[in-house]
Amino acid sequence: MDKKLVIANWKMNLPNKGIVHFLKSVIPETTNLQYVQPGICPPYLFIPQLFELLDNSSILLGAQNLHYEDNGAFTGEISAQLLKTYCSLVIIGHSERRRLFHETDEEISKKIQIATHFNLTPILCVGENITERKNNHSSKIVTSQLITGLSKINNSNNLIIAYEPLWAIGSGNAATPTDIELMIKVIRQVITKKFGEDTQNTVRIIYGGSVSEDNINKIITLPDMDGVLVGNASLDPLKYNNIVKNIETIIT
Ligand code: PEP
């Protein structure tokens, strides 16, 4: 069985007491885990520092975004080629990038393509906003984000899909297990249709949106649930550790 992913998305923040304090608390609690694969996606600036600090730890390092070109005149951007030196994961198409920076599904598909070309594992974020949910369009939106987002790759090796409903992110209210379970099924169907029946071991589906130490048990035990993407709670080492510990305890 694959370990459950617990990926911290620090966004444009650092843990309250700093990176070193965070790691002093988290590294000892994440060695020799049986059921959890931890990961951290810090702001770009801190990736090289974390790369050094995470040496010999079991924590994966990821970026929060990349550019879809190899290199060139793209001021302020970072390529897959540059990230590859340090990272194994990259978040692509996070709702904040779609909403605030107008990223399109087409651009996201190019990012997925370049990430896989450089052997970075993409975490493709999909999810509906509150209006789309109220209009019963959640499945349609997620399906369309997946179809276009994955349109430029033919191989499902090492792909992570994060279901992140916008209305749950940062709200303190996670989606219900019923909502998450339904969307996992939708995602798995789209993936199976595109890549064939055998995607259970190659495409992992995770959930993000107000995950906490209190709700993790109900989320992580859902069928076909491979882990979580954690924003706010990942800035506090104790909360992050408790999420990890709860999973280790509940999964057998
Ligand atoms: C996120 O934005 O990826 C996220 C999961 O945030 P939060 O946990 O704070 O809802």
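Whatever order the structure lists ligands and atoms in, that order sets their numbers, starting from 1.
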Test ring-ring contact (aromatic ring centres under 6.0 Å, His included) applied to Tyr240 and Trp10, step by step:
CA-CA 12 Å; Tyr240 185 87; Trp10 285 352; 8.7 Å; no
Between Lys111 and Glu103, is there a salt bridge with N-O shorter than 4.0 Å?
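Looking at Glu103 and Lys111, the cut-off is met.
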What protein heavy atom sits nearest [atom], and how far off is it?
{"atom": "atom 8 (O) of ligand 1", "result": "Gly231 N, 2.8 Å"}
{"atom": "atom 1 (C) of ligand 1", "result": "His94 NE2, 3.2 Å"}
{"atom": "atom 9 (O) of ligand 1", "result": "Asn232 N, 2.9 Å"}
{"atom": "atom 2 (O) of ligand 1", "result": "Lys11 NZ, 2.6 Å"}

Would Leu229 count as a polar contact of ligand 1, with the cut-off being nitrogen or oxygen pairs under 3.5 Å?
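The answer is no, given that Leu229 and ligand 1 share no N or O pair closer than 3.5 Å.
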List in chain and number order the residues that pass side chain to side chain donor-acceptor pair (under 3.5 Å) with Glu106, two or more places apart in sequence or in another chain; answer none if no residue qualifies.
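Scan of Glu106 (side chain to side chain donor-acceptor pair (under 3.5 Å), adjacent residues dropped) gives Lys152.
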Show which atoms of ligand 1 fall inside a sub-4.0 Å distance from at least one heavy-atom site of Glu164.
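Answer, ordered by atom number: 1 (C), 3 (O), 4 (C), 5 (C).
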Provide the number and element of each atom of ligand 1 under 4.0 Å from a heavy atom of Gly209.
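Here the atoms of ligand 1 in question are 5 (C), 10 (O).
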If two hydrophobic side chains count as joined below 4.5 Å and joins carry through other members, does Tyr207 share a cluster with Val6?
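Both belong to a single hydrophobic cluster.
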Sub-3.5 Å donor-acceptor pair from the side chain of Arg98 to the main-chain atoms of Cys125, do we have one?
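Present.
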Can Asp224 and Gln200 be said to form a side-chain contact (heavy atoms from CB on, under 4.5 Å), step by step?
CA-CA 8 Å; Asp224 203 10; Gln200 211 73 28; 2.9 Å; yes
Is Ala233 near ligand 1, meaning one of its heavy atoms is under 4.0 Å from it?
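Contact check Ala233 vs ligand 1: negative.
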